[in-house]
There are 2 protein chains.
Amino acid sequence: MDIQSVLLGFLMRSSMTGYDLKKAFSISFAFFSGLSYGSIYPALKRLENQGLVTKQVEIQDGAPNRKIYTITEAGRKAFLKSLRSPLPPMQPKNAFLMRLFFFSHLAPKDRKSVAMKHLWTVKQMQAQLESVQPAVAAHADRFQYLCFEFGLRFLNDLVRNLSQVIDALEEGPPETEP
Amino acid sequence: MDIQSVLLGFLMRSSMTGYDLKKAFSISFAFFSGLSYGSIYPALKRLENQGLVTKQVEIQDGAPNRKIYTITEAGRKAFLKSLRSPLPPMQPKNAFLMRLFFFSHLAPKDRKSVAMKHLWTVKQMQAQLESVQPAVAAHADRFQYLCFEFGLRFLNDLVRNLSQVIDALEEGPPETEP
DNA sequence: TCGATCATGTAATTGGTTACATGATTGC
DNA sequence: GCAATCATGTAACCAATTACATGATCGA
C-alpha cells in the first residue's frame, strides 16, 4: 500500500491537516513503518491534483495557515479499490540474517555479542509494544486491535527464533582456547 | 549492512566478477533481499576508489572483458568492522498489516479474501524455501544453514500468526445477511 | 528561558530499480 | 532457430529521508 492510499485511509474517518496525518500515522504505525513530512505534503498535493481530496484553508495568525484535507467520492472509491488490490510480493528484509550469513569470519565471542545485542533490541521493541496496550485497547477498532496482536505475536516468535539461533551458536564445535 | 559490505563479504572467500557476485547474492539471499546490476557495478567502482578491492581485467573476445575483483587487506578490515558494527534499528515493514488496519471499510468477504490470498503467498514462499533445502545443505556453511533454518521458522511462525488473524476475522460479530 | 507543540513546505541526498545498449556462445 | 548464459555498463526514474527555512504560543 502506497503512501497516498494510507493517507486516504485516515481521511476516510475524518478530515485532517498534513500535520494531523503525520501524528495519526506515527501513533498507529510506529511499530511497522514510518512517514515524514517530506513525503506527506507532496503526496497530499498529488491527491489534490487527482481530485481524490479537497482542501479548505483556515487562515491563522502566528502559524502557517492550516490546510484541512477532505476525501472526495472519487477518493473513497480509489481507496477501497487499493484496499482490495493484490498485495505486492513481500520480501522480509532482515539485516541480522545478512550478518549471520557471514558469521564464519567472526570470532565466536563476537558472534555471540552481535546476536545477543540484536535479541536485546527486539526484546526492547516487544516491551515497548506491550506498554502501549492500554492506549490501543482504548482507541483501536476491532481490526486495528488485530494488528496490535499480530505485532505482539510477531515479536514473540522473533525472540524465540533468535534464541534458537543463539543456542545453536553456543552448541558450535568448541574452538581451541588459548 | 549496506551493499558494499555484502560484496566484500562474498569477496572474502574468493575473487569474482560483478556478474558472479550477482549470482552468488541471488542464490544466497533470494529469500530476504535482492540486488540488481544497476547497484552492483557502481558499488564495485566505489569500492575500488576506496582501495577496498583491486581489479584485474581479463581480455575476452566475444563478450565484454571480465573484471575480476579481489579484496585488499583494507577491504578485509573494513568488512570485519562492518560485521561487528551495531545493527540499525529494524522496522518490520508489513504491507498486509496496513491493509488489516483499514479492514473496517471492507465487506467481510473481501476481508477474508485479502487475508487468505496473503496467507497463500506466504505458504508459497514456504514451499519454495523448503524445496531449496538440499542445495543449501550441500553448499552452505554452518552459519548459512542457520540462516536457512531461521527463514523456515520465520515463515512457519508467520503462517501461524496469519491463521490466527483469519480465525479472528471469522469469529467477528455476524453481520446482517441480506 | 528553554523546549515542546503547532504548522507548512522545499532542496539535497540516498539508495535503490528498470530499461536500454551490446553481442558472442552454447544447448535444446 | 530460439532461449539462456555470459558480461559489462549507463541513464532515467522512483520513493523516500534528512536537513533546511520560518515563526508564534504555551507550559515548566
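Letters A, B, ... mirror the listed sequences (proteins, then strands); counts begin at 1.
Distances shorter than 4.0 Å separate none of the side-chain N or O atoms of Q60(A) from OP1 or OP2 on dC6(C). Phosphate proximity of dA16(D) to S36(A): absent, as no side-chain N or O sits under 4.0 Å from OP1 or OP2. Dashed line: the shortest gap from a side-chain N or O of Y41(B) to OP1 or OP2 of dG9(D) is not under 4.0 Å. Contact annotation: Y37(B) does not reach the phosphate of dG9(D) (side-chain N/O to OP1 or OP2, under 4.0 Å). Here K45(A) reaches the OP1 or OP2 of dT10(C): one of its side-chain N or O atoms lies under 4.0 Å away. Listed pair T17(A) / dT8(C) meets the phosphate criterion, a side-chain N or O lying under 4.0 Å from OP1 or OP2. K23(B) has a side-chain polar atom (N or O) that falls below the 4.0 Å cut-off from OP1 or OP2 of dC6(D).
One can place OH of Y19(A) at 4 Å from P of dC6(C), the figure rounded to the nearest angstrom. Atom CD1 in I3(B) sits about 15 Å away from atom P in dT14(C), given to the nearest Å. Following rounding to the nearest Å, E58(B) (CD) and dT8(D) (P) show an atom-to-atom distance of 10 Å. Going from atom CD1 of I59(B) over to atom C1' of dT8(D) covers 14 Å, rounded to whole Å. When the C1' atom of dA16(D) is taken as reference, atom CD1 of I40(A) falls 12 Å away, rounded to whole Å. Remark: P of dA7(D) and CG of L44(B) are 14 Å apart, rounded to the nearest angstrom. Across the protein-nucleic acid pair, L35(A) atom CG and dT18(D) atom P stand 12 Å apart, rounded to whole Å. Regarding Y69(A), its OH atom lies at a distance of 11 Å from the C1' atom of dA7(C), rounded to whole Å.
Between G38(A) and A63(A), the residue anchored closer to the 5' end of DNA chain C is A63(A), taking for each the nucleotide with the nearest heavy atom. Nearest-nucleotide positions on DNA chain D place K93(B) closer to the 5' end than the other of K93(B) and D61(A).
In this structure a side-chain-to-backbone donor-acceptor pair under 3.5 Å is present from S26(A) to K22(A).
Within the nucleic acid shown, K22(A) has no heavy atom closer than 4.0 Å to any nucleic acid atom. When heavy atoms are screened at a 4.0 angstrom cut-off, N65(B) is found touching the sugar-phosphate backbone but no base atom.
Of the options M16(A), K55(A), Q56(A), a side-chain contact (heavy atoms from CB on, under 4.5 Å) to Y69(A) is made by K55(A) and by none of the others.
A centroid separation of 6.0 Å or more is found between the aromatic rings of F32(A) and F154(A).
The side chain of S39(B) lies closest to dG16(C) when the candidates are dA7(D), dG16(C), dT8(C).
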Stepwise salt bridge (Lys or Arg N to Asp or Glu O under 4.0 Å) check, R66(A) with D20(A): CA-CA 10 Å; R66(A) 299 182 79 219; D20(A) 295 334; 3.5 Å; yes
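Using cut-offs of 30° and 60° on the angle between ring planes, the pair H118(A) and F96(A) is parallel.
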